[in-house]
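Encoded as structure tokens, the structure appears first; notes follow it.
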Amino acid sequence: MGCAQSHIEGEEPVSRCKVRRHLMRDAVASRHAFAAAHSAYAVSLKNTGAALSDFGHGESIIVHPPFSSSASTSSSAVAVAVSLPPPIEAPPPPPPPPADDGTPTSSIQRATSMPNISSLKTSQSHHDSLTIPEDDPVPDDPVSQSEIMEEKPAETPDNIVEEPLRSSKQGRKEKRVKMAGVVSTSTQKSVSLLHILNELDDHFLKASESAHEVSKMLEVTRMHYHSNFAESQGRVDHSAKLLRVITWNRSRTSEDDGADKDEFETHATVLDKMLAWEKKLYDEVKASELMKIEYQNKIALLNKQKKRNSNPETIERTKAAVSHLHTRYIVDMQSMDSTIAEINRLRDHRLYPKLVALVDGMAKMWETMHSHHVSQCKISGELRALDTSNAPRETSEHQYDRTVQLWQVVGEWHSQLQKLITHQKEYIYNLNEWLRLNLIPVESNLKEKVSSPSQIQRPPIQALLLAWHDQLEKLPDGLAKGAIFNFSAVINAIIISQQEELKLKEKCEESKREYTRKLRAFEEWSRKYSQKMTTSSSSEVSDPPSNDEIIQTDPNQERKLAVETAKSKLDSDVETYHKLCKKVREKSLATLKNHLPELFRSLSEFALACSEMYKKLNIISLPEEPDAPNA
């Protein structure tokens, strides 16, 4: 029996039905993957718009150039400290302690802990004014106070509220209204940028919503309930369960012919049924081949008995067995014909209409997406009219996070577009290959034909699937995928630049802390040293020393040099940071200006090609209608 089973697997009808079963199984799996990719692509469109809006919102928040106020006060403090009088003269009184009433001693209120870079580039004459770092008390110096009064206080847009990833249109619009209080020039530019990105976001959202009807056809929200999904997870015997439903009592066949009682039949359930019938057909063909071998063996035995003039009773028993096998074979062949007819009925009257509806839905979806991408292309073109020659601003940690978020979302968008095209191609390929074998009649090799004569089949689904496969192979998807990939790459380049900026910011903060520490230590030492020398000079009167003697005996020189070295390092780090801030800001805005229009141009061309492709397929499916099943 084992040899017979192995021999049967090699028979052409059996091997062909086995391949058919595998192809239908693959079609079920690839339809599921296609549905998942379609849903994920729609979500990626929505998320990309939200991430782009969040990125623009971060760009619109003004972060004042760092290291300006503290740096200028530090420079003044160095100038004062280094210019201490000789020890033999009475030193000026030490600065008073900080006020304890809790009121600010400076008229400048800052949004960040870092001072403005521009103040570091003050002239040497400006260093003569007495200012110190933010954490230090303001000395009671009328000259310096009259100068911290002439400087205009920096304005902080406290009314800007950071916007999380979009949850609704209304929420985004309320956040946008709160931007109205920002009045600086660079903020006005940023508000215009934010307005443009918010408009792009709206079109992304609408494009995503246009995919909902197709998602319903593909049953995206109910995929995990389907038997094909359960089977792929190894939880359900798919064919055994489904065949218990569809192999009903033959006495009810006449009632159900021509009409399906299941009102909730869907694309997925049609494929489920076809897969179950394909498995049943495979089992029936394999059983018929086994019976054919047994029948042929009995015929050979009967002929041998006749040649040997065997006992008539033995010959009659063999004849009866041959007749019985022949009858069983006819019944099995009729059952197999019935199975084939049911598969073809599902193919022409259930699967084909679902594919036609899917083509129509995809044509409308891509036509809508094309219109939105065209609008985005026009809107993004307005970015080139924006003026980016504003003062440099630092990148905050939050803005860096939003840039990373945008990069991740765009990368997912690229991945889902690739999956959407790949899984659709796989689905149509599997259906085409299955149909090619399905159109080959399953016949017996016996001389006596027990089946009805075969006819050449040209079902309407054949032309649709062939055209669909050819059109997908010609689809110019490379341009769109390349544009999204390139946009992701330039965002990644911005991330790297922002990382360098944040590292340099940490370096500047460390240089500031080191300089402040050395300056305070020097000031404390100078105060104690001046008090000591004042006490000494009051008890001892002598001629004032010469300048050379002061230079040779001045114990301040080594400490002054340490403070000046720390100040020079801070100035150098801040200047480098200043330049990098400007470079990163210009790079971020230039990326949007140069790459967004090209991105949406490529997307609009791809969407147009998809729309035209499905419209052509729609025309192919219109002329011929499937024949009604026999009553």
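FYI, the numbering just counts along the sequence from 1. Quantities reported herein were computed from a predicted structural model and do not represent experimental measurements.
Taking every heavy atom of both residues into account, G56 and L197 meet most closely at CA-CD1, 3.2 Å. Here the closest heavy-atom approach between residue Y329 and residue S288 is recorded as CE1-O, 3.6 Å. Looking at every heavy atom in both residues, D201 comes nearest to G49 through OD1-C, 3.1 Å. Taking both residues in full, the closest heavy atoms of M291 and L325 are given as SD-O, 4.0 Å, listed atom of the first, atom of the second, then distance. Considering all non-hydrogen atoms of both residues, S215 and H38 come closest at OG-CD2, 3.2 Å. Counting all heavy atoms, side chain and backbone alike, Q462 lies closest to L435 at CA-CD2, 3.4 Å.
At a cut-off of 3.5 Å, with distance as the only test, a side-chain donor of K481 or Q418 sits close to an acceptor on the other residue. Counted by atom type alone, H423 and R31 present zero donor-acceptor pairs between their side chains at under 3.5 Å.
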Quick one: do N297 and L301 satisfy side-chain contact (heavy atoms from CB on, under 4.5 Å)? Show the steps, please.
-> CA-CA 6 Å; N297 290 338; L301 177 60; over 6 Å; no
Kindly indicate, with the supporting measurements, whether the criterion ring-ring contact (aromatic ring centres under 6.0 Å, His included) is fulfilled by H398 and F55.
-> CA-CA 10 Å; H398 189 65; F55 177 80; over 10 Å; no
Go through the steps for Q416 and S44 under the test side-chain hydrogen bond (donor to acceptor under 3.5 Å, both in side chains), then give the verdict.
-> CA-CA 7 Å; Q416 295 305 332; S44 69; over 6 Å; no
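A cation-pi arrangement, defined by a distance under 6.0 Å to the six-membered ring centre and an angle within 45 degrees of its axis, is present between R21 and Y282.
Here the side chain of N430 pairs a donor or acceptor atom with the backbone of E426 at under 3.5 angstrom. Of the possible donor and acceptor atoms, one in the side chain of R402 sits under 3.5 Å from a partner among the backbone N and O of D54. S15 places a side-chain N or O within donor-acceptor distance of the main-chain N or O of E11, the cut-off being under 3.5 Å. At least one donor-acceptor pair closer than 3.5 Å links the side chain of S380 to the backbone N or O of Q376. Judged by distance alone, with hydrogens and angles left aside, the side-chain atoms of H595 form no donor-acceptor pair with the main-chain N or O of I484 at under 3.5 Å. Counting only distance, with no hydrogens or angles, the side chain of S415 and the backbone of E412 share no donor-acceptor pair below 3.5 Å. Put simply, the side chain of S602 gets close to the backbone of E598: a donor and an acceptor are under 3.5 Å apart. In this structure a side-chain-to-backbone donor-acceptor pair under 3.5 Å is missing from D360 to V356. Proximity of a side-chain donor or acceptor of S323 to a complementary backbone N or O of K319 within less than 3.5 Å is not detected. Looking only at distances, no side-chain donor or acceptor of S39 sits under 3.5 Å from a matching main-chain atom of A36.
The side-chain heavy atoms of I491 and T403, taken from C-beta on, include a pair separated by under 4.5 Å. Considering only heavy atoms from C-beta on, L358 comes within 4.5 Å of W468 through its side chain. At a threshold of 4.5 Å between non-hydrogen side-chain atoms, the residues W407 and S488 count as touching. Within the 4.5 Å cutoff, side-chain heavy atoms of F600 are placed close to those of L200. For the pair L355/L465, a side-chain contact is recorded, criterion being any heavy-atom separation below 4.5 Å from C-beta on. Side-chain contact between M274 and W434 is present, with at least one heavy-atom pair separated by less than 4.5 Å. The shortest distance between side-chain heavy atoms of L596 and T591 does not fall below 4.5 Å. Between I379 and H203, some side-chain heavy-atom pair lies under the 4.5 Å cut-off.
Note: L23 CG to L431 CG = 9.5 Å, rounded to the nearest 0.5 Å. A distance of 9.5 Å separates CG of L351 from CG of L464, quoted to the nearest 0.5 Å. Here the straight-line distance linking atom CE of M24 with atom CG of L437 works out to 10.5 Å at 0.5 Å rounding. Distance check: S30 OG to I428 CD1 gives 8.0 Å after rounding to the nearest 0.5 Å. Rounded to the nearest 0.5 Å, atoms CG (N47) and CD (Q405) are 8.5 Å apart. Between atom CG of residue L479 and atom CG of residue L603 there is a gap of 9.0 Å, rounded to the nearest 0.5 Å.
Tested against E284, the residues D332, T339, I340, D337 include a single side chain to side chain contact (heavy atoms under 4.5 Å, CB included) partner, T339. Partner of N438 under the side-chain hydrogen bond (donor to acceptor under 3.5 Å, both in side chains) criterion, out of R16, E278, R347: R347 alone.
Within a 6.0 Å radius of CZ in F485, no more than 12 heavy atoms belonging to other residues, nucleotides or ligands are found.
Between E213 and K364 no salt bridge is recorded (no basic side-chain N to carboxylate O distance below 4.0 Å). Salt bridge absent: K280 and E342 never bring a charged side-chain N and a carboxylate O closer than 4.0 Å. The existence of a salt bridge linking K286 and E289 is excluded, since no basic side-chain nitrogen approaches an acidic carboxylate oxygen closer than 4.0 Å. At a threshold of 4.0 Å, the pair E612-K615 does not count as salt-bridged, since none of the basic side-chain nitrogens sits closer than that to a carboxylate oxygen.
Taking the six-membered ring where the residue is Trp, W366 and F606 present perpendicular rings, their angle passing 60° and hence far from 30°.
You'll find the ring centres of W413 and F204 inside the 6.0 Å limit. Checked against the 6.0 Å centroid threshold, Y614 and H370 do not count as a close aromatic pair.
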